[in-house]
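Throughout, a chain's letter reflects where its sequence line sits, starting with A, and its residues are numbered from 1.
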Amino acid sequence: MATTTKIGLEIHCQLTGAKSKLFCRCSSDYRGKAPNANICPICAGLPGTLPLLNQKTVEFAAMITLALGCKFPDEIAFYRKNYFYPDLPKNFQLTQYNAYGITSIGVDGRLEYGNGKDARIRRVQLEEDPGRLVYASGSMDTSLYVLIDYNRAGVPLVEIVTEPDFADTKDVRMFLDKITSIIEHLGVCDTKLEGSVRCDANVSVDGGNKVEIKNISSFADVEKALRYEITRQRTMTSREIQVRSETRHWDDARKVTKESRTKEEEQDYRYFPEPDIPLVMLGSEFVSFIKQSMPELPDTRKERFMSKYGLSAHIAQVLIGNKELADFFESTLMIYLSPKEIANWIVTDLMSFIDERQKKEEEEEEHSLFAGLKVGPEHIADLARLVDQDMINRATAKQILGQIIRTGEMPSALAKRMHASRIDDVSVLAQTVQSVFQMEQAAVQDARRNANVANFLLGKVMKITKGKADPKVALEMIQKKLKED
Amino acid sequence: MPIYTLEAGQVVQGIKSKEFSAEEYISQLFERIEKVEPKVNAFVTLNKEEGLDRARRLDKKIRDGEQSGPLAGVALSIKDNICTKGMKTTCSSKMLESYIPAYDATVIKRLMAAGAIIIGKANLDEFAMGSTTEFSRHGPTRNPWDISRVSGGSSGGSAASVAALECAASLGSDTGGSVRCPASFCSVVGLKPTYGLVSRFGLVSYANSLEQIGPVGRTVSDVVSILNVIAGFDENDHTTTNSSKPTYSLQERKGLRVGLIKEFTEGADPGVSKMIYKAAETLEKQGCKCEEVSLPSVQYALASYYTIATAEASSNLARYDNIRYGFDMNPEGYEWNSYFARARSNFGDEAKRRIIVGSYVLSSGYYGKYYLKAHQVRSLLKREMETLFKKYDVLIGPTMPILPFKIGERIDDPLKMYLVDIDTVVANLTGMPAISVPAGFADGLPVGLQIMADQFAEQTMLDVAYLFEQAAKVQRSPEL
Amino acid sequence: MVVTREEVKHIGWLAKLEMSDAELQRYTTQIEEIINYLNKLDTIPLEQVKPIAIKKKFSELRKDSPENFEDAVLGTGYRKDGFVKGPRMV
């Protein structure tokens with residue numbers, strides 16, 4: 001029997017592009033700091049403090065709103081979501097909420113991803129991150145106390161909520177890739193930083209009850225958590241056990257979803273508008289300001305790559321799928337303008353090295369695409385130039401790339417050294433050519449009728465000389481000899 | 001006459017002209033405090049050493065011919081819910097019994113820069129929730145006119161310290177009448193500014209959308225001097241109005257149009273309304289035109305006020321979980337829910353009641369029934385007031401519908417206690433300014449005249465207050 | 001309208017307030033009285049009035065420039081290695 005799965009997502013991205021926190025002047029860069037060294041009276045929730053909304057975060061959230069095709073309200077408000085938790089300095093979270101005619105910064109959007117698929121975006125909202133809890137001795141259950149670090153408290157987050165429009169985990173992966181590329185292109189979030197993007201998901205199978213999964217700390221784990229949960233629900237359904245509507249937690253260590261201890265249903269967040277933050281009027285002037293300040297989005301960049309550089313849709317898509325890759329491509333063009341050649345080197349050859357490296361470290365956290373590879377745009381530009389100018393052939397170029405990726409040496413330097421050991425002495429090569437002509441008489445006959453067969457003969461020469469023959473010189477000699485005899 | 005009896009303006013003059021030194025003045029005040037404080041209980045914390053030290057430094061400045069500020073040497077008490085860096089700020093609560101702020105409220109910074117000397121922190125109802133200063137962990141502040149009676153609240157310590165000549169003036173906070181009520185009960189002047197005129201940065205929040213910090217003094221003139229220092233935009237409070245800093249003055253104005261709110265006088269004790277009618281006559285004699293006016297939506301004002309105030313309070317007080325600051329209670333070994341609930345059981349009765357009521361009106365299913373309606377009432381009231389202000393420069397009525405009552409009289413009946421705020425909450429709900437000036441005495445107890453004006457029309461309100469004060473000449477401080 | 005002991009107990013849980021049976025009893029009576037007074041609000045028809053609110057323009061918001069707060073912020077003595085000690089999360 002065919003089963004239907006409905007998946008919705010709640011994506012949190014930290015606005016790491018903002019320098020200060022959402023409501024205070026503390027740095028938004030809390031990573032690697034001593035515990036509680038990145039706090040002030042406001043984000044620590046001291047009595048008498050008032051939130052001071054960061055202009056930049058509104059600008060960033062508006063850019064995300066536009067990129068996801070959402071509508072802007074005339075004015076935005078913040079709400080208090082009231083619940084107690086030791087990582088929340090005020091015991092309420094400042095967030096946005098859609099009620100009584102006031103909405104969050106973005107509503108009712110739609111985003112295309114993958115091959116013509118699209119997902120509806122319910123809302124985009126700005127909110128604050130809580131602090132961090134650390135379990136000192138062993139586990140949560142055994143320690144006598146918890147350790148709290150408020151450095152992260154108040155870091156700006158944008159939450160993107162989708163409708164349950166995904167049918168399988170592959171769609172989810174493609175959608176998350178697209179979101180990643182968008183926020184990277186907007187410069188609002190460095191998705192490579194640990195914990196900068198998080199995702200909650202909700203799943204229902206065959207029209208059954210919806211289950212929320214929380215605590216998924218990276219995009220990479222979303223697919224795993226979903227796959228586990230879909231299997232769990234399907235197994236229950238096949239045994240005719242009803243799936244309960246509940247909130248479950250993703251257990252990162254055991255890779256399973258678990259029942260939550262606090263029942264979400266019993267919570268009552270008592271939302272009401274934050275009186276200390278004025279309504280922020282957006283209006284048409286603001287919207288046109290955001291439109292003007294929008295950096296190029298991945299889709300537009302793809303179009304440009306195709307029209308300006310003549311790249312194929314496939315190659316352009318691979319490049320813009322990851323901002324780092326697309327930036328690498330354009331930086332290379334700045335040095336040497338040979339778009340198709342360079343795009344090919346990046347998408348086919350360079351990517352195969354990257355894939356290989358990523359496979360090895362699958363379980364590790366995501367970091368820069370080029371981590372551990374000693375290659376920059378100048379290397380690829382140099383390589384493409386060598387090939388374009390017939391200094392080396394493609395096979396040699398590949399060989400060179402394989403080496404310099406580990407050493408960081410410039411391709412032209414390596415090519416020069418290889419060249420030095422090369423046999424281009426006509427008298428030495430003449431002997432080898434002569435012996436190939438004797439061994440491959442049938443091929444020689446063919447070559448006289450079909451010029452392409454000369455390459456076969458060249459291959460033989462290269463094999464005998466263990467690749468040391470200068471292919472250009474050798475080919476010339478072969479062609480000359482074919483005419484002579 | 002002893003120098004501790006001087007008004008703020010006279011203190012500044014006296015010190016500047018070297019008639020007396022700031023040190024003499026401050027020491028005399030502390031002697032006075034020692035003498036009367038056992039009867040009044042206006043202070044939570046005294047700042048004697050630092051106060052004297054500041055006075056000596058000011059004297060040196062004056063000897064050296066340096067500039068001194070507009071409040072140079074003026075001794076102030078500060079309500080203990082306004083943050084003072086390095087000086088305990090307890091909000092009269094067990095939850096903050098040892099809390100020392102890491103920063104100064106904006107108003108404190110401005111007062112210090114103007115040369116004022118903070119001599120102590122004044123008593124209040126816990127977290128400013130009350131109308132009598134009985135709900136204080138430090139015991140009630142007693143009314144200097146009759147120490148068996150309440151001082152009013154929640155800024156009871158502020159008003160009583162000013163009336164008892166323990167300081168020249170004070171800062172209170174007014175959420176539903178908390179500056180004006182004790183000013184009325186203690187026969188001093190208390191002003192609630194227009195919402196957004198004075199920074200709330202550093203005021204421990206009770207109900208953010210309603211409250212303002214306001215000055216208390218023995219004269220309109222003193223209240224104006226302080227307001228001129230503390231008013232104006234603050235980058236640390238996004239609800240302050242972004243306009244140029246206002247300066248208020250005392251001016252004689254004739255022919256002002258005055259509306260007497262009939263719902264206020266009708267609902268008041270006969271002794272109180274008699275004094276208010278008398279006050280209206282006094283104003284007429286000074287050339288004002290007085291007429292009775294009606295404000296029909298006032299019948300919903302208290303319900304609106306207690307809905308909004310408790311809703312905001314229930315959320316504001318959530319942060320007091322004793323984890324980051326508070327009293328000494330080791331969290332080790334407690335399950336977190338029970339630690340929070342145990343620590344928070346140390347709130348006083350009234351704070352707990354308001355937390356529960358506020359959580360109730362916000363809980364799911366009730367938001368539209370209470371909170372939203374309460375906001376609707378605010379808009380209705382504002383509309384009615386704006387209509388009246390097209391015809392009248394100010395609106396007047398009693399500040400309090402009753403005379404100061406006996407300590408303990410209403411403490412067990414919360415609703416009865418709430419009802420005394422009926423005349424003051426209108427200004428908070430509409431964001432408009434209001435002032436209480438002494439109107440006289442009924443049965444030997446003070447009665448306050450409340451004057452309200454349109455938003456940011458403080459100058460007009462002060463004109464009427466000054467006119468009345470000059471004509472009525474009501475006694476400001478009792479024998480103690 | 002009736003406010004029940006169970007409702008007050010649930011709110012006590014939401015608001016993290018420990019109450020003895022006697023307190024619960026007393027608060028229930030008092031809060032019922034207060035809520036009944038607030039019910040006055042329900043007698044006015046809800047209309048579409050714009051609530052009073054402070055408004056600001058985007059340009060008036062805080063500029064994004066970070067600053068360090070130098071003084072000690074947290075008052076609690078229950079600390080370990082810079083962390084704040086909190087109760088058990090079970």
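- Side-chain contact check for B/I323 versus C/P87: some heavy-atom pair is nearer than 4.5 Å.
- Within the model, atoms OG1 of B/T239 and CD1 of C/I54 stand 5.5 Å from one another, a figure rounded to the nearest 0.5 Å.
- In this model, a donor atom of one side chain and an acceptor atom of the other lie less than 3.5 Å apart for C/Y78 and B/D328.
- Annotation: side chain of C/E18 is not in contact with side chain of B/R344 (no heavy-atom distance under 4.5 Å).
- By the 4.0 Å N-to-carboxylate-O rule, C/K16 lies too far from B/D321 to be salt-bridged with it.
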Test log, rule side-chain contact (heavy atoms from CB on, under 4.5 Å), inputs B/L415 and C/Y37: CA-CA 8 Å; B/L415 187 59; C/Y37 180 79; 3.8 Å; yes
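- Heavy-atom distances place no part of B/L317 under 4.5 Å from chain C, backbone and side chain included.
- Between C/A15 and B/S359, the closest heavy-atom pair is CB-OG, 4.0 Å.
- C/R62 has its side chain within reach of B/H238: a pair of non-hydrogen atoms, C-beta onward, lies under 4.5 Å apart.
- Residue C/K56 places its NZ atom among more than 12 non-hydrogen atoms of other residues, nucleotides or ligands, all under 6.0 Å distant.
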Trace of the side-chain contact (heavy atoms from CB on, under 4.5 Å) decision for C/L38 with B/V357: CA-CA 10 Å; C/L38 300 186; B/V357 173; 4.1 Å; yes
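- Residues C/I34 and B/P414 share a closest heavy-atom pair of CD1-CB, 4.2 Å.
- Contacts between B/D413 and chain C at a heavy-atom distance below 4.5 Å involve the side chain alone, from C-beta outward.
- Interface residue B/Y334: backbone and side-chain heavy atoms are both found under 4.5 Å from chain C.
- In this structure, chain C has a heavy atom under 4.5 Å from the side chain of B/L419, while its backbone stays farther away.
- The closest side-chain heavy-atom distance from B/Y103 to C/D71 is not below 4.5 Å.
- Contacts of B/N236 with chain C are absent, with no heavy-atom separation under 4.5 Å from either backbone or side chain.
- Heavy-atom distances place no part of B/F327 under 4.5 Å from chain C, backbone and side chain included.
- Taking chain C as the reference chain and counting heavy-atom pairs below 4.5 Å, the highest number among B/R378, B/K382, B/R353 is found for B/R353.
- No other option in C/R26, C/H10, C/Q30 has as many heavy-atom pairs under 4.5 Å with chain B as C/Q30.
- Between chain B and the residues C/V84, C/L17, C/T43, C/L61, the largest count of heavy-atom pairs under 4.5 Å involves C/L17.
- The side-chain heavy atoms of C/I35 and B/V361, taken from C-beta on, include a pair separated by under 4.5 Å.
- Between B/K352 and C/E23 there is a salt bridge, with a side-chain nitrogen of the basic residue lying less than 4.0 Å from a carboxylate oxygen of the acidic one.
- Within 6.0 Å of the NZ atom in C/K63, the count of heavy atoms belonging to other residues, nucleotides or ligands exceeds 12.
- Residues B/Y370 and C/N39 form a side-chain contact, since some pair of their non-hydrogen atoms from C-beta on lies under 4.5 Å apart.
- For the pair B/K373 (side chain) and C/I44 (backbone), a donor-acceptor distance under 3.5 Å is present.
- Contacts of B/Y418 with chain C are made by side-chain atoms alone, with heavy-atom separations under 4.5 Å and no backbone atom involved.
- Proximity to chain C involves both the backbone and the side chain of B/A374, based on heavy atoms less than 4.5 angstrom apart.
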